[in-house]
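Just so it is clear: chains get the letters A, B, ... in the order the sequence lines come, proteins before strands, and each one is counted from 1. Because only heavy atoms are used, hydrogens play no part in the values below, and waters and symmetry mates are left out as well, while side chains stay in.
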Number of protein chains: 2
Amino acid sequence: MTAAKLKQQAHARLEQIAGRLKKGGHRMTPQRMAILKAILDGEHPSAEDVFKSVAMQFPSMSLATVYKTLALLKKEGQVLELGFGGQESRFDALIPKPHPHLICTRCGEIVDPNFMDLERAIQAMADQTGFRVDTHRLDFFGLCPKCRAQGTA
Amino acid sequence: MTAAKLKQQAHARLEQIAGRLKKGGHRMTPQRMAILKAILDGEHPSAEDVFKSVAMQFPSMSLATVYKTLALLKKEGQVLELGFGGQESRFDALIPKPHPHLICTRCGEIVDPNFMDLERAIQAMADQTGFRVDTHRLDFFGLCPKCRAQGTA
DNA sequence: ATCATTGCAAATACTTTGCAGCGTT
DNA sequence: AACGCTGCAAAGTATTTGCAATGAT
């Protein structure tokens with residue numbers, strides 16, 4: 001996907017989220033708009049990333065507001081939180097439904113890979129265990145192509 | 001697997017871990033032995049679970065010691081930590097290598113399901129993205145059979 | 001005017017660290 | 001004696017909450 005397409009996609013998603021928040025009785029403040037843009041333009045940013053990015057426009061911005069907005073977006077199902085035990089969570093507003101992630105342990109890049117037959121594998125597990133599977137979290141860790149090229153350092 | 005078999009498996013694993021720690025220049029103290037037993041006998045216990053369980057035998061036991069021991073076991077690759085953003089981590093000493101987990105969101109039970117063709121799916125993702133995949137974390141969330149039976153409450 | 005939202009400060013949850021004393025080898 | 005281990009207290013990290021002031025509808 002090209003950069004231009006991604007930007008267009010992010011913009012369309014921004015409108016969509018804004019509409020859904022309003023429908024839910026929430027307000028679309030300038031701060032919220034900036035936070036949303038930061039999440040959509042960034043690549044799986046952390047709360048701190050979002051804060052730093054928004055703080056340039058809104059020097060009075062507080063981290064608490066970022067967290068509150070993220071909590072609201074989560075509650076409305078408009079953002080996916082990727083929490084890593086201990087470390088900062090990262091957020092995905094483009095695709096707010098659970099999907100696999102491939103995470104570079106050196107540079108932190110996160111990409112969305114294809115994963116074969118996930119539905120079928122989940123069904124098989126459900127049949128086998130008697131669980132009702134509602135959601136999931138699939139993370140794969142390794143080195144992205146760039147970091148692989150940089151050697152073992 | 002029967003309860004008796006599980007107990008035997010846990011015992012064998014305890015010996016194995018003890019041996020590996022000694023080889024690594026570490027000491028097998030009574031506290032450590034109790035911590036190991038608690039992890040192996042419990043079902044994916046949290047640090048707090050381990051602490052409470054061990055504190056009965058060792059009233060002077062400190063949570064810090066539990067955490068230090070868990071950190072050592074992690075470093076030696078003898079325990080798998082399942083961290084959940086914000087909430088307590090849970091630990092698995094029976095199978096210290098990454099494997100899928102099925103987690104009940106009501107009662108917290110964690111089971112180890114079979115998962116089809118994981119190797120092949122990982123290989124496909126690696127080919128597709130250029131990543132080198134080193135490890136993973138696969139969690140599925142839902143309701144266990146018991147909790148399903150108890151209704152939607 | 002009403003009621004959600006902001007932002008500061010304080011609180012929380014979980015985990016890690018510093019360090020003095022203890023116990024093994 | 002050397003060195004790892006224990007356990008208390010304090011610090012640390014990421015996130016959440018209380019509340020008064022602000023701002024949108």
Counting N and O atoms only, with roles assigned by atom type, does the side chain of Arg106(A) sit under 3.5 Å from a partner on the main chain of Cys144(A), one being a donor and the other an acceptor?
no
Donor-acceptor pair, side chain of Thr65(A) and main chain of Met61(A), under 3.5 angstrom:
no
Hey, does the side chain of [X] come within less than 4.0 Å of [N]'s phosphate (OP1/OP2), counting only N and O?
{"X": "Ser60(A)", "N": "dG7(C)", "value": "yes"}
{"X": "Ser89(B)", "N": "dT15(C)", "value": "yes"}
{"X": "His26(B)", "N": "dG4(D)", "value": "no"}
{"X": "Thr29(A)", "N": "dA4(C)", "value": "no"}

Could you note down all residue pairs passing salt bridge (charged side-chain N to carboxylate O under 4.0 Å, His left out) where residues 45-68 of chain B supplies at least one of them, sequence neighbours left out?
none
Above 12 or not: heavy atoms from other molecules or residues under 6.0 Å from [atom1] of [X]?
{"X": "Gln8(A)", "atom1": "CD", "result": "no"}
{"X": "Met28(A)", "atom1": "CE", "result": "yes"}
{"X": "Glu43(A)", "atom1": "CD", "result": "no"}

Which part of the nucleic acid, if any, lies within reach of [X] when heavy atoms closer than 4.0 Å are counted: base, sugar-phosphate only, or nothing?
{"X": "Gln31(B)", "value": "sugar-phosphate"}
{"X": "Thr65(B)", "value": "base"}
{"X": "Met61(A)", "value": "sugar-phosphate"}

Nearest-Å distance, [atom1] ([X]) to [atom2] ([N])?
{"X": "Leu21(A)", "N": "dT5(C)", "atom1": "CG", "atom2": "C1'", "answer": "13 Å"}
{"X": "Phe84(B)", "N": "dA13(C)", "atom1": "CZ", "atom2": "C1'", "answer": "16 Å"}
{"X": "Phe51(B)", "N": "dG7(D)", "atom1": "CZ", "atom2": "P", "answer": "9 Å"}
{"X": "Leu63(A)", "N": "dA11(C)", "atom1": "CG", "atom2": "P", "answer": "18 Å"}
{"X": "Arg32(A)", "N": "dG7(C)", "atom1": "CZ", "atom2": "C1'", "answer": "13 Å"}
{"X": "Glu88(B)", "N": "dT15(C)", "atom1": "CD", "atom2": "P", "answer": "6 Å"}
{"X": "Leu70(A)", "N": "dA14(D)", "atom1": "CG", "atom2": "P", "answer": "15 Å"}
{"X": "Ile35(B)", "N": "dC5(D)", "atom1": "CD1", "atom2": "P", "answer": "12 Å"}

Go through the side-chain N and O atoms of Glu76(A) and His26(A) and say whether any donor and acceptor fall under 3.5 Å apart.
yes
Return the orientation label for the His101(A) and His44(A) ring planes: parallel under 30°, perpendicular over 60°, tilted otherwise.
perpendicular
Give me the stems containing DNA chain D, sorted by first residue, counting only three or more consecutive Watson-Crick or G-U pairs with both distances under 3.5 Å; say none if there aren't any.
C:1-25 with D:1-25
State the OG-CZ distance between Ser46(A) and Phe84(A), to the nearest 0.5 angstrom.
11.0 Å
Separation of Ile35(B) CD1 from Thr29(B) OG1 (nearest 0.5 Å):
7.0 Å
Table of protein N/O atoms under 3.5 Å from nucleotides 17-23 of chain D N/O atoms:
residue, atom, partner, partner atom, Å
dG18(D), O6, Lys68(A), NZ, 3.0
dG23(D), N2, Arg27(A), NH1, 2.7

For Lys22(B) and Lys74(B), find the nucleotide of DNA chain C closest to each by heavy atoms; which residue's nucleotide sits nearer the 5' end?
Lys74(B)
By nearest heavy atom, map Leu72(A) and Pro59(A) onto DNA chain C; which one lands nearer the 5' end?
Leu72(A)
